Structures are given as structure tokens and as C-alpha cells.
Amino acid sequence: MEKITVTVLARMKADGQKITALTAYDFPFARMVDESGVDIILVGDSLGMVVQGETSTLPVTMDQMIYHTRIVARGVKRAMVVGDMPFMSYQASVSQAVENAGRFLKEAGASAVKLEGGASVARTIEAIAAAGIPVQAHIGLTPQSVHQMGGFKVQRQEDKLLDDAKKVQDAGAFSVVLEGIPFAISQKITASLSIPTIGIGAGADCDGQILVLHDLLGLNEGHVPKFAKRYAQLAKDARAALGQYVGEVKEKAFPTKEHSFK
Ligand code: KIV
């Protein structure tokens, strides 16, 4: 089993091998995702919305991210674990960004961090990478800037997106997430970069794809974006199981002798 590293991901792009990525937020799912052969497991700040029930990712804290990253890392043997830097953990100063990025590796067992932004965070990416911490950038629809973007909207400014992608690569990012970008623009970005692009709502031509685990498994009963494909209906299955348990206890059908001690 080859452990996924930045070198392996670079080689996969060079060989034209697609990279798979998913989010995870806890030990049991991290283990299942890892054993499915996914290459990158992102402990996304999307946990604010799909685990904590918030309406945006903005309230998520560093301590919460460290906690979730640690329990995910414990379940992963092969994939690269990436810790997502939450809102205001890297924006206020470069030195605070480096310190917080370091916590993901030192305290939580991540092998890399992700942060949102393009040219505007290039200096921050450079400083984190200079500290020996692999950084994944994230451009296009960046959920932490939801208020500045006027909502969760597809981003279409081609020149700016190409410039952002080039700047984060030059700053030392090992990869870049492209979110909510028309496929023709993502295709140009992917062709213009030497680092792998990982798309979400960015078309099929990215070097890899990422989805939010709860969207893929049908665990998220809230809004599911157009780009997210549901491969299972786990919320429906869970509701059926829970209803059955309640019914059986009420009707004295559970527990039986089989579930009792002599
Ligand atoms: O927080 C997250 O889950 C993400 C992915 C959607 C890329 O940033």
C-alpha cells in the first residue's frame, strides 16, 4: 500500500491518473472512506453546515477543526489527510496563519492544510509552505467569502481565476481546489498548471474530484447543490431503522431473549 503524499499526487497528474477526494469528519467514516481507496480526505470546514447545522462555515473554530481532524486521522492509513483552515484562522496575519497551520500537523495528525483564496493569500501560502507544511489552495466559489460574493454563486471571471490559480501555484501550493467554476474555465486552469486541480462543481476536466461526504451518501437532508451526486440514501435508511426501533420497544418486540443475559 502506497501512502498518498504530495509527490504521489504530482505523479498522478503527470500520468493523467484521476485523483479522488472526499470530506470526512469522524473516525468511522474516515476509515470507510480510506478503505474505499480515496486519495485525499479533507476534514472540511463544511462540517459547520453538514455536522453542526449552521447556515454557513463561518462559525467553525480552530479547536473544532483540530478535534475533527484528529479523530479522522486516527481512522486513515493510506489517504492524505488535509485539515481545512477555518474562517479567521489565517486572514488576520501571516504569522497567525503559520501557527494555526502548524497545529493541524502537530496536534491533529494531518499531512497538509487547505485555505481559501487566490492572489490575496499568496503570501500566506508561501509562508506556510516555507515552514514545511504542504498547502492546498481553494479558488472560485470560496464559502468563507459568502457575504462578499453575495451568496453561494458560480464564479465566472476567467482572467481573475486564471491569475489566482497561477499565483497560488507560484506561492508553493501543492494542489488547488476549483469550486463552482464553469467547466471551460476549469479546463483552461487545469491545462495551465503543473499542480493538480481538484474540482467540485467545476466539470470533468480537473485532475481530480471532491465531494462533501454527507451529500454523496444522502445524509444531508438540507440543500444539496446541483453538482453533488447522491450515491446512497443513508438519511432515509437511518430514519427507517430508528422508527423500527421505537416501534419494537413500544410493542415489546425488542429486546428478545437473544439480546438478554441469563
Ligand atoms: O469544506 C469543505 O468541505 C470544502 C470542500 C467542499 C472542497 O472546502
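Counting convention: from 1, in listed order, for ligands and their atoms alike. None of these values were measured; they are calculated from a predicted model.
- Of all the atoms in ligand 1, the ones that sit under 4.0 Å from a non-hydrogen atom of Leu42 are 2 (C), 3 (O), 4 (C), 5 (C), 7 (C), 8 (O).
- When heavy-atom distances to ligand 1 are checked against a 4.0 Å cut-off, His138 comes that close only through its side chain, counted from C-beta outward.
- Below 4.0 Å from some heavy atom of Thr23 lie the following atoms of ligand 1, by number and element: 3 (O).
- Every atom of ligand 1 is numbered from 1 in the order shown, and the set under 4.0 Å from a heavy atom of Asp84 is 1 (O), 2 (C), 8 (O).
- Under the 4.0 Å criterion applied to side-chain N and carboxylate O atoms, Asp39 and Arg78 are assigned as salt-bridge partners.
- The line from CG of Leu9 to CZ of Phe174 is 6.5 Å long, rounded to the nearest 0.5 Å.
- You'll find the side chain of His138 stays beyond 4.5 Å of the side chain of Leu178, heavy atoms only.
- Closest to atom 1 (O) of ligand 1 by heavy atom, among Leu178, Thr57, Asp45, is Asp45.
- The ligand atoms of ligand 1 that sit less than 4.0 angstrom from a heavy atom of Lys114 are 8 (O).
- For ligand 1, the atoms lying closer than 4.0 Å to a non-hydrogen atom of Ile200 are 6 (C).
- Using a 4.0 Å cut-off between a side-chain N of Lys or Arg and a carboxylate O of Asp or Glu, Lys106 and Glu99 do not qualify as a salt bridge.
- Contact of the Leu105 side chain with the Ser111 side chain is not registered, since no non-hydrogen atoms from C-beta on lie closer than 4.5 Å.
- Of the polar atoms of Ser46, at least one N or O is found under 3.5 Å from an N or O of ligand 1, judged by distance alone.
- Residue contact check: Gly44 has heavy atoms under 4.0 Å from atoms 1 (O), 2 (C), 3 (O) of ligand 1.
- Here the closest heavy-atom approach between residue Gln91 and residue Ser89 is recorded as OE1-N, 3.4 Å.
- In the model, Thr197 has a side-chain atom that pairs as donor or acceptor with a side-chain atom of Thr190 under 3.5 Å.
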